Every structure is written in structure tokens, then in C-alpha cells.
Amino acid sequence: MRLSLAAVMLFVGLSLVLAACGGAGATAPTPAAAGPKVVLTTSPDPPLSGNVELVLTVTDANGQPIPDADVYVFADHTEMSGMMMQGKATAQGGGRYAITANLSMSGTWKISVQVKKSPLNYTQDFNLEVQ
């Protein structure tokens with residue numbers, strides 16, 4: 001009798017452990033919601049050292065334009081410390097924003113774009129090769 005009671009207890013214990021670890025009722029992890037998207041284009045294209053117009057198209061996860069946001073641009077030359085600029089882009093309509101940046105030296109510039117529109121506070125970085 002002692003052996004069968006121990007076997008039953010072992011079976012019940014293992015059943016509980018397997019039920020807790022098993023797939024019954026388990027759900028697949030939910031993928032993170034897609035965030036906004038910023039597309040950067042330049043004029044001239046490709047960008048040349050000097051004044052470059054940065055045009056930013058900002059859309060939501062469904063591809064719809066995000067109008068009336070505050071869009072800030074930060075540019076930093078990755079190979080030369082102290083060469084940076086920052087400013088607020090001007091709304092052009094339809095989720096497009098523009099700013100003229102003085103990218104005074106060729107090379108790689110890190111462009112950080114911050115989009116703020118309550119409750120959205122999103123930042124996207126770009127590496128821009130200036131000739």
C-alpha cells in the first residue's frame with residue numbers, strides 16, 4: 001500500500017508540474033506594435049558639404065501621415081567632435097517636415113530625428129554620407 005500511495009503522489013506531482021509547463025492555455029508572445037516611421041531625403045541628393053535641406057516624412061504604423069508634430073533634428077559628424085547642429089524642422093503639410101542643415105564637412109553624419117506629438121515621443125537615427 002505504501003508503494004502505491006507513493007506512486008500516486010508522484011504521479012499527481014508530475015501531472016501538476018507538466019500542466020504548469022505545458023502548452024495548454026499558453027499563448028504566443030504578442031509582437032511589439034509597429035511604431036512610427038521617419039523617411040529622410042536630402043536636397044541635393046546625394047548630399048554635398050554645405051547647406052543641405054533635410055526633408056522628413058513622418059508616418060504612423062499604418063502609413064498615415066502624422067501632421068502637426070514637433071520634429072527636432074540633431075546632426076553630429078561622427079569623425080570630428082564638436083561639429084554638430086540642431087534645430088526644429090518646419091511643417092510642410094502631409095506629414096512632411098524640412099530643415100536646412102549646414103553639414104560643413106564631408107564624411108558620415110549621424111542624424112537623429114525626434115518626433116513629439118502627445119503621447120508620441122519617438123526618435124530615429126540615420127547615418128548620412130556627405131560628399
Side-chain angles (χ1 to χ4, degrees):
M1 174 111 163
R2 212 180 253 199
L3 183 60
S4 64
L5 180 60
V8 168
M9 290 179 67
L10 178 63
F11 176 76
V12 169
L14 285 175
S15 296
L16 290 173
V17 168
L18 289 174
C21 295
T27 59
T30 304
K37 180 179 178 184
V38 178
V39 175
L40 169 65
T41 57
T42 65
S43 179
D45 182 18
L48 303 173
S49 61
N51 285 334
V52 176
E53 183 181 35
L54 306 177
V55 179
L56 309 149
T57 303
V58 182
T59 56
D60 64 16
N62 297 318
Q64 296 301 310
I66 298 177
D68 304 320
D70 290 323
V71 177
Y72 300 95
V73 178
F74 306 88
D76 188 17
H77 196 283
T78 61
E79 297 142 9
M80 184 75 81
S81 65
M83 294 192 71
M84 59 181 78
M85 69 73 57
Q86 63 186 32
K88 184 176 179 183
T90 304
Q92 307 293 302
R96 289 174 46 105
Y97 302 84
I99 187 170
T100 299
N102 185 359
L103 306 179
S104 59
M105 184 175 185
S106 63
T108 304
W109 287 77
K110 179 183 175 186
I111 308 295
S112 296
V113 179
Q114 183 180 34
V115 180
K116 289 184 172 186
K117 183 175 181 178
S118 187
L120 177 65
N121 186 357
Y122 175 77
T123 302
Q124 186 170 330
D125 294 330
F126 300 90
N127 283 327
L128 185 65
E129 292 298 323
V130 175
Q131 298 178 4

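Only a predicted model underlies this, so the values are computations on that prediction, with no experimental measurement involved. Computed from heavy atoms alone, side chains included, the values below leave out hydrogens, waters and symmetry copies.
With contacts defined as side-chain heavy-atom distances shorter than 4.5 Å, the pair Leu56/Val71 qualifies.
Every residue two or more places apart in sequence or in another chain was checked for a side-chain hydrogen bond (donor to acceptor under 3.5 Å, both in side chains) with Gln64, and none qualifies. Not counting sequence neighbours, the partners of Ala101 by the side-chain contact (heavy atoms from CB on, under 4.5 Å) test are Leu54, Met85, Leu103.
Note on Met83 and Val73: same hydrophobic cluster, where clusters join Ile, Leu, Val, Met, Phe, Trp and Tyr whose side-chain heavy atoms are under 4.5 Å apart, directly or indirectly. A chain of hydrophobic side-chain contacts below 4.5 Å, direct or via other Ile, Leu, Val, Met, Phe, Trp or Tyr residues, connects Val52 to Met80. The cluster map of Ile, Leu, Val, Met, Phe, Trp and Tyr, joined by side-chain heavy atoms under 4.5 Å apart, puts Met84 and Met105 in different clusters.
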Audit row: Val55, Thr42, side chain to side chain contact (heavy atoms under 4.5 Å, CB included) steps and yes/no: CA-CA 6 Å; Val55 179; Thr42 65; over 6 Å; no
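Taking both residues in full, the closest heavy atoms of Ser106 and Ser49 are given as N-CB, 3.9 Å, listed atom of the first, atom of the second, then distance. Across His77 and Trp109, no two heavy atoms sit closer than the pair CD2-NE1, 3.2 Å. Shortest non-hydrogen contact noted between Pro65 and Gly94 is CB-O, 3.3 Å. Residues Tyr97 and Ala89 come closest through the heavy atom pair CB-CB, 3.8 Å.
Here the straight-line distance linking atom OG1 of Thr100 with atom CG of Asn51 works out to 6.5 Å at 0.5 Å rounding. Distance check, rounded to the nearest 0.5 Å: NZ of Lys88 to NZ of Lys116 gives 10.0 Å.
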What pairs of donor and acceptor atoms, side-chain ones from residues 119-131 against any protein atom, are under 3.5 angstrom apart with sequence neighbours left out?
unit_1 : atom_1 : unit_2 : atom_2 : d
Asn121 : OD1    : Gln114 : NE2    : 3.1
Tyr122 : OH     : Pro36  : O      : 3.4
Tyr122 : OH     : Gln124 : OE1    : 3.0
Gln124 : OE1    : Val38  : N      : 3.1
Gln124 : NE2    : Val38  : O      : 3.1
Asp125 : OD1    : Ser112 : OG     : 2.6
Glu129 : OE1    : Thr108 : OG1    : 3.1
Glu129 : OE2    : Thr108 : OG1    : 2.5

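Between Asp70 and Lys117, none of the side-chain N atoms (NZ, or NE/NH1/NH2) sits under 4.0 Å from a carboxylate O, so this pair counts as no salt bridge.
Proximity of a side-chain donor or acceptor of Asp60 to a complementary backbone N or O of Asn62 within less than 3.5 Å is detected.
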